[in-house]
Amino acid sequence: SQQGEEDPQALSIQEGENATMNCSYKTSINNLQWYRQNSGRGLVHLILIRSNEREKHSGRLRVTLDTSKKSSSLLITASRAADTASYFCAYTNDYKLSFGAGTTVTVRA
Amino acid sequence: DTGVSQDPRHKITKRGQNVTFRCDPISEHNRLYWYRQTLGQGPEFLTYFQNEAQLEKSRLLSDRFSAERPKGSFSTLEIQRTEQGDSAMYLCASSFSVSGGIGELFFGEGSRLTVL
């Protein structure tokens, strides 16, 4: 069973718009990570934020972490058709990652 | 290509048959993970190895499932007496960790199992 919740389940946006998705979890964490998965493929790591960090940027990605609310958000700015994929948050407080159910993002040209 | 490789990519089998999946991790990685993913869901943890030692197995891993990582290199995941509910994508991932915690996982492309 999934340990995390992601919101929304699906998101459809126009190319050039921003996409925001949220993740909530239930336990204390060491770090939280975001992964992307294209249909039928493996997962690709996007960004990792540690529990003592509040915000992190990587290219067009911005991740925030609020440990008091046990939540994180991923913002993709200036979306492109190639950003169409499923996005998963994953968190850990030990030796393994627990994944959310994911947000499916469709970017329309 | 020095990424994580999985074989086969697709497997169709009849209920009751045994299947085996192989994962070759990135060579310098000491940790290897198996996850299972069904359609529309995120990956679910099955088991993990630190070098050749299997340190944790999920309750999802019934007695029909067995995983090995001989010599701390490649790993195999065997499913005996397959059931239709075993149909899923089986994902392997590896990482390098020197102490506790976990950083980025490198995933293979997965092995998709269909049980008829």
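Chain A is the first sequence line, chain B the second, and so forth, proteins listed ahead of strands; every chain is numbered from 1.
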Which residues, numbered in order, of residues 69-78 of chain A come under 4.5 angstrom of chain B by heavy-atom distance?
none

Taking only heavy atoms into account, what residues of residues 38-65 of chain A are found under 4.5 Å from chain B?
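The stretch touches chain B at Gly40(A), Arg41(A), Gly42(A), Leu43(A), His45(A), Leu48(A).
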
Turns out that what part of Tyr95(A) lies under 4.5 Å from chain B's heavy atoms comes down to both

Side chain, backbone, both or neither: which part of Gln37(A) has an atom under 4.5 Å from a heavy atom of chain B?
side chain

Side chain, backbone, both or neither: which part of [X] has an atom under 4.5 Å from a heavy atom of chain A?
X: Gln50(B); answer: neither
X: Leu105(B); answer: both
X: Gln37(B); answer: side chain

Assess whether atom CG of Leu39(B) is packed by more than 12 heavy atoms of other residues, nucleotides or ligands within 6.0 Å.
no

Who wins among Thr104(A), Leu97(A), Asn30(A), Thr92(A) for the most heavy-atom pairs under 4.5 Å with chain B?
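Winner by heavy-atom pair count: Leu97(A).
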
Please determine if Lys96(A) forms a cation-pi arrangement with Tyr48(B), meaning its NZ or CZ atom is less than 6.0 Å from the six-membered ring centre and no more than 45° off the ring axis.
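Verdict for Tyr48(B): no cation-pi partner in Lys96(A).
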
Taking the six-membered ring for Trp, are Phe99(A) and Tyr35(B) closer than 6.0 Å centroid to centroid?
yes

Option that, when pairs with chain A are counted at under 4.5 Å, heavy atom only, ranks first among Met89(B), Glu109(B), Arg112(B), Glu56(B)
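Between Met89(B), Glu109(B), Arg112(B), Glu56(B), the count favours Glu109(B).
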
On a heavy-atom basis, which atom in Phe88(A) and which in Gly42(B) lie closest, and how many Å separate them?
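Minimum heavy-atom contact is CE2-CA, 3.4 Å.
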
Should Leu60(B) and Leu113(B) be counted in the same cluster of Ile, Leu, Val, Met, Phe, Trp and Tyr side chains packed under 4.5 Å apart?
yes

